[in-house]
Amino acid sequence: MAGSGWGLPRLDGFILTERLGSGTYATVYKAYAKKDTREVVAIKCVAKKSLNKASVENLLTEIEILKGIRHPHIVQLKDFQWDNDNIYLIMEFCAGGDLSRFIHTRRILPEKVARVFMQQLASALKFLHERNISHLDLKPQNILLSSLEKPHLKLADFGFAQHMSPWDEKHVLRGSPLYMAPEMVCQRQYDARVDLWSTGVILYEALFGKPPFASRSFSELEEKIRSNRVIELPLRPQLSPDCRDLLQRLLERDPSRRISFQDFFAHPWVDLEHMPSVESLARATALVVEAVKKDQEGDAAAALSLYCKALDFFVPALHYEVDTQRKEAIRAKVAQYVSRAEELKAIVSSSNQALLRRGTSVQGLLREMARDKPRLLAALEVASAAMAKEEEVGKEQDALDLYQHSLGELLLLLAEAPGRRRELLHTEVQNLMARAEYLKEQIKIRESHWEAETLDKEGLSESVRSSCTLQ
Ligand code: ADP
Ligand code: MG
């Protein structure tokens, strides 16, 4: 077997077994501790001669810092040793291989799976960003999976690239230009923001099966990197508008126009706030407490909206929980809150009917005034279509899309409408917004209901796995 026996490095306290892989700077071996625990680890051997001369000492200091870092989505560095030739990093072993292999054995990942992975990567990047640590060599090969049964991402190789310039003394580029931000390749001047570009490339590759600069020859690749064309996203597979928006904003060539770290963490498609985590359950519970209070005070609308916000945290809490009994307990509670929310919905809905009737008379007046305003008429038509859709069972999302479409138009027209028409238009916009908000909550309740009922016992990992094997 390649890599076994001959040529295996020796290291105190460990028995090295097989070669797991090698990258730009190092070779990684699987090993186990000689101690009674026989703990399985991965040992990465970095040749000192591949480092910048001044860097070895800085690197050792930094490794000491990395040793203190604990994050569920960062490969844990357990310890390190060194001798004349090498530095040895003793790391947590990741049995699931790397993200590159994971993507390519499946050709592409469904948006839902890519989103869970992206949330995990973003949470690791946020943690590092808060500590002023950049990665600088983000790519699927440097993102490992804890296991294939419960695939959790683990970011590897970070805090390292700072000590290894992408350009060596002979000005030869090291690493993969497929993932490097254009400013890194072209200007040789860059900062932490290159990590955002690389994140965009990784997401692009996960969704479309190949990185945006994939090329048949080096000159083709160079042309693509140096050009200033906007990165075009393939039309297929179909993706949500939020997902496309994020890709476009990460893959912005000019780092000053690229999405910022803060906006990335808060982007609706990433939505770190609602990522399954230890905190999800506590946040859900706190919101329920508020909802119950409003409910007791008789404020049905406020209670309903708080229940909905709570459900936004209960679903990730369910995903996060691994203990079957505790999961069941959460599920039972969620069912109870969903049914109270349904009751509240009925109460709010009857007062909404009144709103709707008032809305119809305003619509009539507006329509009269808008006879010679084709754009306004068209927008009002869309609003009527939205209301009609709302009456159909299971068409809430379509109705919501129509509401949003007509609201977009009406808001534009509102700015230029004169006097009385403006007043009426204003009332109409408010009515429609209230309808749209109400629909959003209905959709949310239905989805939480569905999630709570169909969520597999194994939770997140299971949902990730099944959607991967489904395609
Ligand atoms: P380099 O700095 O040379 O790029 P990496 O840390 O990226 O080295 O490791 C190279 C490869 O070794 C990875 O792509 C992965 O396949 C494998 N590998 C690295 N670390 C681990 C680990 N902790 N567990 C399992 N495999 C690993
Ligand atoms: Mg690597």
Side-chain angles (χ1 to χ4, degrees), residues 2-4 8-9 11 14-33 39-52 55-56 59 62-63 66-67 69-82 85-105 117 120-121 124 128 133-166 168 173-180 184 194-195 198-199 201-202 205-206 211:
S4 64
L8 282 179
L11 197 63
F14 293 95
I15 294 172
L16 275 67
T17 58
E18 61 190 287
R19 199 178 69 103
L20 289 170
S22 47
T24 327
Y25 312 104
T27 309
V28 181
Y29 300 91
K30 187 173 177 179
Y32 58 91
E39 186 190 16
V40 179
V41 293
I43 297 183
K44 175 167 173 173
C45 308
V46 188
K48 278 185 180 171
K49 62 173 190 284
S50 70
L51 303 169
N52 305 345
S55 256
V56 176
L59 180 60
E62 186 153 326
I63 290 174
L66 297 181
K67 239 182 82 178
I69 280 181
R70 292 268 188 296
H71 187 274
H73 299 295
I74 293 177
V75 174
Q76 195 200 334
L77 175 64
K78 294 170 177 287
D79 208 351
F80 66 103
Q81 300 184 16
W82 67 93
D85 304 319
N86 296 307
I87 294 175
Y88 305 95
L89 304 177
I90 297 139
M91 301 177 290
E92 152 188 23
F93 172 64
C94 298
D98 62 50
L99 184 61
S100 174
R101 210 182 321 153
F102 190 89
I103 296 172
H104 295 127
T105 53
F117 280 171
Q120 300 182 351
L121 178 60
L128 295 176
I133 302 174
S134 302
H135 192 291
L136 307 186
D137 192 19
L138 278 181
K139 54 188 174 189
Q141 294 83 349
N142 282 340
I143 297 172
L144 308 178
L145 294 156
S146 54
S147 71
L148 281 175
E149 294 75 51
K150 281 173 161 248
H152 283 271
L153 287 197
K154 299 267 180 179
L155 183 52
D157 246 8
F158 62 93
F160 232 68
Q162 273 100 328
H163 300 275
M164 303 176 219
S165 158
D168 71 11
L173 190 61
R174 303 202 293 183
S176 174
L178 282 175
Y179 302 94
M180 284 179 191
M184 199 167 196
V194 297
D195 283 348
S198 307
T199 300
V201 178
I202 294 167
E205 182 166 338

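In this text the structure is predicted, and so the values were computed from the model without any measurement. We count ligands from 1, going down the list as the structure has it; atoms in each ligand are counted the same way.
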*To which of Leu144, Val40, Val28, Ile143 does the heavy atom nearest atom 15 (C) of ligand 1 belong?*
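That would be Leu144.
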
*asked:* Judged on heavy-atom distance to atom 6 (O) of ligand 1, which of Lys30, Lys154, Lys44 sits nearest?
replied: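 The option holding the nearest heavy atom is Lys44.
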
Would you say ligand 1 has an N or O under 3.5 Å from any N or O of [X]?
X: Ala26; answer: yes
X: Asn142; answer: yes
X: Asp157; answer: yes
X: Cys94; answer: yes

Side-chain donor or acceptor of [X] paired with backbone N/O of [Y] under 3.5 Å:
X: Lys139; Y: Ile202; value: no
X: Asp137; Y: Asp157; value: no
X: Thr17; Y: Lys30; value: yes

*Please find the N/O/S atom of Asp157 nearest to the Mg ion (ligand 2) and write down its name.*
OD2

Can you list the ligand 1 atoms lying under 4.0 Å from a non-hydrogen atom of [X]?
X: Met91; answer: 20 (N), 23 (N)
X: Glu92; answer: 22 (C), 23 (N)
X: Gln141; answer: 13 (C), 14 (O)
X: Leu20; answer: 25 (C), 26 (N)
X: Ala42; answer: 22 (C), 23 (N), 24 (N)
X: Asp98; answer: 14 (O), 16 (O)

*asked:* Applying side-chain contact (heavy atoms from CB on, under 4.5 Å) to Leu145 and Leu153, what does each step give before you reach the verdict?
replied: CA-CA 5 Å; Leu145 294 156; Leu153 287 197; 3.4 Å; yes

*Taking the six-membered ring for Trp, are the ring centroids of Phe14 and Tyr88 within less than 6.0 Å of each other?*
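Ring-ring flag for Phe14/Tyr88: false, centres at least 6.0 Å apart.
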
*asked:* Checking contacts here: is it the side chain or the backbone of Thr27 that comes within 4.0 Å of ligand 1, counting heavy atoms only? Could be both or neither.
replied: neither

Could you pull out the closest heavy-atom pair between [X] and [Y], with the gap in Å?
X: Cys45; Y: Ala26; result: O-CB, 3.2 Å
X: His135; Y: Asp195; result: N-OD2, 2.7 Å
X: Ile143; Y: Leu155; result: CG1-CD1, 4.1 Å

*Backbone or side-chain N/O/S of Asp137 under 2.8 Å of the Mg ion (ligand 2)*: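 Under 2.8 Å: Asp137 has no N, O or S contact with the Mg ion (ligand 2).
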
*Output yes if Asn142 passes the N/O/S-under-2.8 Å test against the Mg ion (ligand 2); output no otherwise.*
yes

*Steps toward side-chain contact (heavy atoms from CB on, under 4.5 Å) verdict (Val41, Asp79)*: CA-CA 11 Å; Val41 293; Asp79 208 351; over 6 Å; no

*Determine, stepwise, if the pair Val201 / Leu178 fulfils side-chain contact (heavy atoms from CB on, under 4.5 Å).*
CA-CA 8 Å; Val201 178; Leu178 282 175; 5.8 Å; no

